[in-house]
Visitor: 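My structure is below; once you've seen it, I'll send some questions.
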Amino acid sequence: MNPKVFISYSWHPEENKVRVQRLAERLMGDGVNVILDVWDLKNGQDKYVFMEQMVEDSEIKKVLVICNKDYADKADSRKGGVGTESTIMSDEIYSKADQTKFIPIVFEKNENGEICKPHFLNSRIHIDMSTDKDYEQGYNQLLRDIYDKPLIKKPALGSMPAFLESDQPTFLSTAREQNFLKIINEETSSLKNWMVCYFDKLIDSLSQFKVTFNGGHTKKLVDDVEKSIDKMQVIIKDFMTFLENVAANEKCMGDYFVDFFEKLLQYYEDNDIELATSDDTWHVSNDNYRFFNYELFLSFVSIMLKHERFDIIHDVVSTDFCILSNRMGRQSRPMNFVEFQKYNYALDYYKKGIERSNCISEEAVLMSSIIDGHQFDAIVQADILLYYLSMVYTKSYNGRKVWYPHLSIYNKAFVILPKLVSCRYFEKVKVLFEVSTKEAFVSLIQGLPDKIEQDYRYRIPHVKEGLCVDKVCTLR
């Protein structure tokens, strides 16, 4: 259910009234049901009763008190709820509800830079949205308060350190250094350190999504896999926000992502999460991770394409990841990016069988339902491009097949990188294919045989057409 809030504010000056209505409209757009007098107070209603009802209504999750000089003056002189304005609150009304229900929002400071708040709100922690500089940060904080999604969460309570069980005291000489290291990690401005810390925490969070199947009908297993996929979306969305933040930063290097994806594959190996596909239930119970990997990697490539970070994509897709295998006595086992795209038996074998579905790919259908329209189109293009790149970079020694673009059933484009007709764009893209000239690019692509037998259900342009070889660099 969408959270409902009531806004208490002053109509004066006119600029304040306009700002409040814009805030209310934005909140509505972000899923918050706003009660505003100009929208909801009808002719014939008692204005004071309206105010009191809003404050006491259990469905109203928060009361947003918009504080400016006019509001503070009128509230302090107990003029709230009288005259033409129905939403200026008095301390009597304020005292009738749980005070955690009220969020003071500062829209104005006086000439001395002091915050304008009524006396009865002076001790209340407020959100500052008084300047353009503070507005966006304040708005994000407000949304988090309304949705109960704090930016800083209280950590889980741990257990007593084991050494305290001993009768002999144990003195940890590294305690001071550990604490100092923690402070450095929290305050560092180094992009690389920050990214590595983020990657490590993302990987550490994956253990909570394991699916355990102890036998029974495979429908339950499929349901559990789908539920886990749904829960993992919070990581995907957070990862995409992270990518948008770092992609445009010139200090962001491809090696950081190479290390991340290698660590991710090593995590699966060390935790017996088998990525090789099979229709036995032990393998199928890991299909949530296979779906996660597919969506994660496609999100990575699509956002890097958006920001024209072809250098970063190149570094990742051209790399051989070195994974220490538990099944090979910790010998190194080469892998490449194709590991992040595997056939999903839970969705495309078992679910289709259980539901007697004629769907081409349940995996593709699920992903299309999760990802928004324009963003999904970009994901589809990335999927097909990765098929092309797998023909360029997949080594024959590892025996792996090419990347199979399951999302191509939704493809609407005849060309995947249409801007290759531009010489300027080609100069940016050429690093992706490890070529330096148009001629070298054309020769490379013409030498690639399509390894997927064309199927009318999958809309995969032939590589030569998809990368517009005949038209590359025809425009300046």
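Treat the numbers as computed from the prediction; the structure is a model and nothing was measured. The first residue of the sequence shown is numbered 1, and numbering continues consecutively from there.
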Visitor: Please check: side-chain N/O of T131 versus main-chain N/O of D134, any donor-acceptor pairing under 3.5 Å?
Guide: yes

Visitor: Indicate yes or no for a side-chain donor-acceptor contact from S228 to the backbone of D224 under 3.5 Å, with no hydrogens or angles considered.
Guide: no

Visitor: For a quick test of reading the model, state the closest non-hydrogen atom pair linking I416 to P461 and the distance between them.
Guide: CD1-CG, 4.3 Å

Visitor: Can you sort out the partners of D255 under side-chain contact (heavy atoms from CB on, under 4.5 Å), two or more places apart, ordered by chain and number?
Guide: none

Visitor: Do any pairs count as a salt bridge (Lys or Arg N to Asp or Glu O under 4.0 Å) and have a residue in residues 424-438, sequence neighbours left out, and if so which ones?
Guide: E308-K428, E427-K430

Visitor: Could you please spell out the steps behind the side-chain contact (heavy atoms from CB on, under 4.5 Å) verdict for I229 and F292?
Guide: CA-CA 7 Å; I229 288 171; F292 170 79; over 6 Å; no

Visitor: With a 3.5 Å cut-off and no angle check, do the side chains of Y343 and D287 form a donor-acceptor pair?
Guide: no

Visitor: Would the F300 and F297 ring centres measure less than 6.0 Å apart?
Guide: yes

Visitor: Between G31 and P3, which heavy-atom pair has the shortest distance, and what is it?
Guide: O-CD, 3.7 Å

Visitor: Begin from the C-alpha positions of S443 and E439 and carry the test side-chain contact (heavy atoms from CB on, under 4.5 Å) through to its verdict.
Guide: CA-CA 6 Å; S443 176; E439 290 73 23; over 6 Å; no

Visitor: Are the ring centres of F310 and Y425 closer than 6.0 Å?
Guide: yes

Visitor: Under a 3.5 Å threshold, yes or no: a donor from one side chain and an acceptor from the other, between Y198 and N193?
Guide: no

Visitor: Minimum heavy-atom separation for L407 to D383, with atom names?
Guide: N-OD2, 3.0 Å

Visitor: Using 4.0 Å as the upper bound for N to carboxylate O, is an ion pair formed by D470 and K464?
Guide: no

Visitor: Check whether the side chains of H314 and D311 place a donor and an acceptor atom closer than 3.5 Å, and report yes or no.
Guide: no

Visitor: For H406 together with Y404, are the ring centres under 6.0 Å from each other?
Guide: yes

Visitor: Provide the closest heavy-atom pair for L27 versus I146 in the form atom of the first, atom of the second, distance.
Guide: CD2-CD1, 4.1 Å

Visitor: How far apart are the closest heavy atoms of M367 and L298, and which atoms are they?
Guide: SD-CD1, 4.0 Å

Visitor: Fit a plane to each ring of Y349 and Y345, take the angle between them on a 0 to 90° scale, and name the class: parallel (under 30°), tilted (30 to 60°) or perpendicular (over 60°).
Guide: perpendicular

Visitor: Would you say Y350 and D279 are linked by a side-chain donor-acceptor pair, where the criterion is simply a distance under 3.5 Å?
Guide: no

Visitor: Are K219 and D223 close enough for a salt bridge, meaning some N to O gap below 4.0 Å?
Guide: yes

Visitor: Tell me yes or no: between the side chains of Y294 and N344, is some donor less than 3.5 Å from an acceptor?
Guide: no

Visitor: Can you give the donor-acceptor pairs under 3.5 Å from side chains of residues 239-254 to other protein atoms, not counting sequence neighbours?
Guide:
unit_1, atom_1, unit_2, atom_2, d
T241, OG1, K237, O, 3.1
E244, OE1, K306, NZ, 3.4
E244, OE1, H307, NE2, 2.7
E244, OE2, K306, NZ, 2.9
N245, ND2, T241, O, 3.2
N249, OD1, K251, N, 2.8

Visitor: Is the centre of the Y268 ring less than 6.0 Å from the centre of the Y289 ring?
Guide: yes

Visitor: If only atom types and distance count, is the side chain of Y388 paired as donor or acceptor with the main-chain N or O of I445 below 3.5 Å?
Guide: no

Visitor: Quick one: closest heavy-atom pair of I460 and S408, and the distance?
Guide: CG1-OG, 3.3 Å

Visitor: Testing N293, N288, N286 one by one against R290 for a side chain to side chain contact (heavy atoms under 4.5 Å, CB included), which residue passes?
Guide: N286

Visitor: Indicate whether any N or O donor in one side chain lies under 3.5 Å from an N or O acceptor in the other, for Q266 and D270.
Guide: yes

Visitor: State, without any angle test, whether E59 and N33 hold a side-chain donor-acceptor pair at a distance under 3.5 Å.
Guide: no

Visitor: What class does the angle between the rings of F321 and F340 fall in, given that below 30° is parallel, 30 to 60° is tilted and above 60° is perpendicular?
Guide: perpendicular

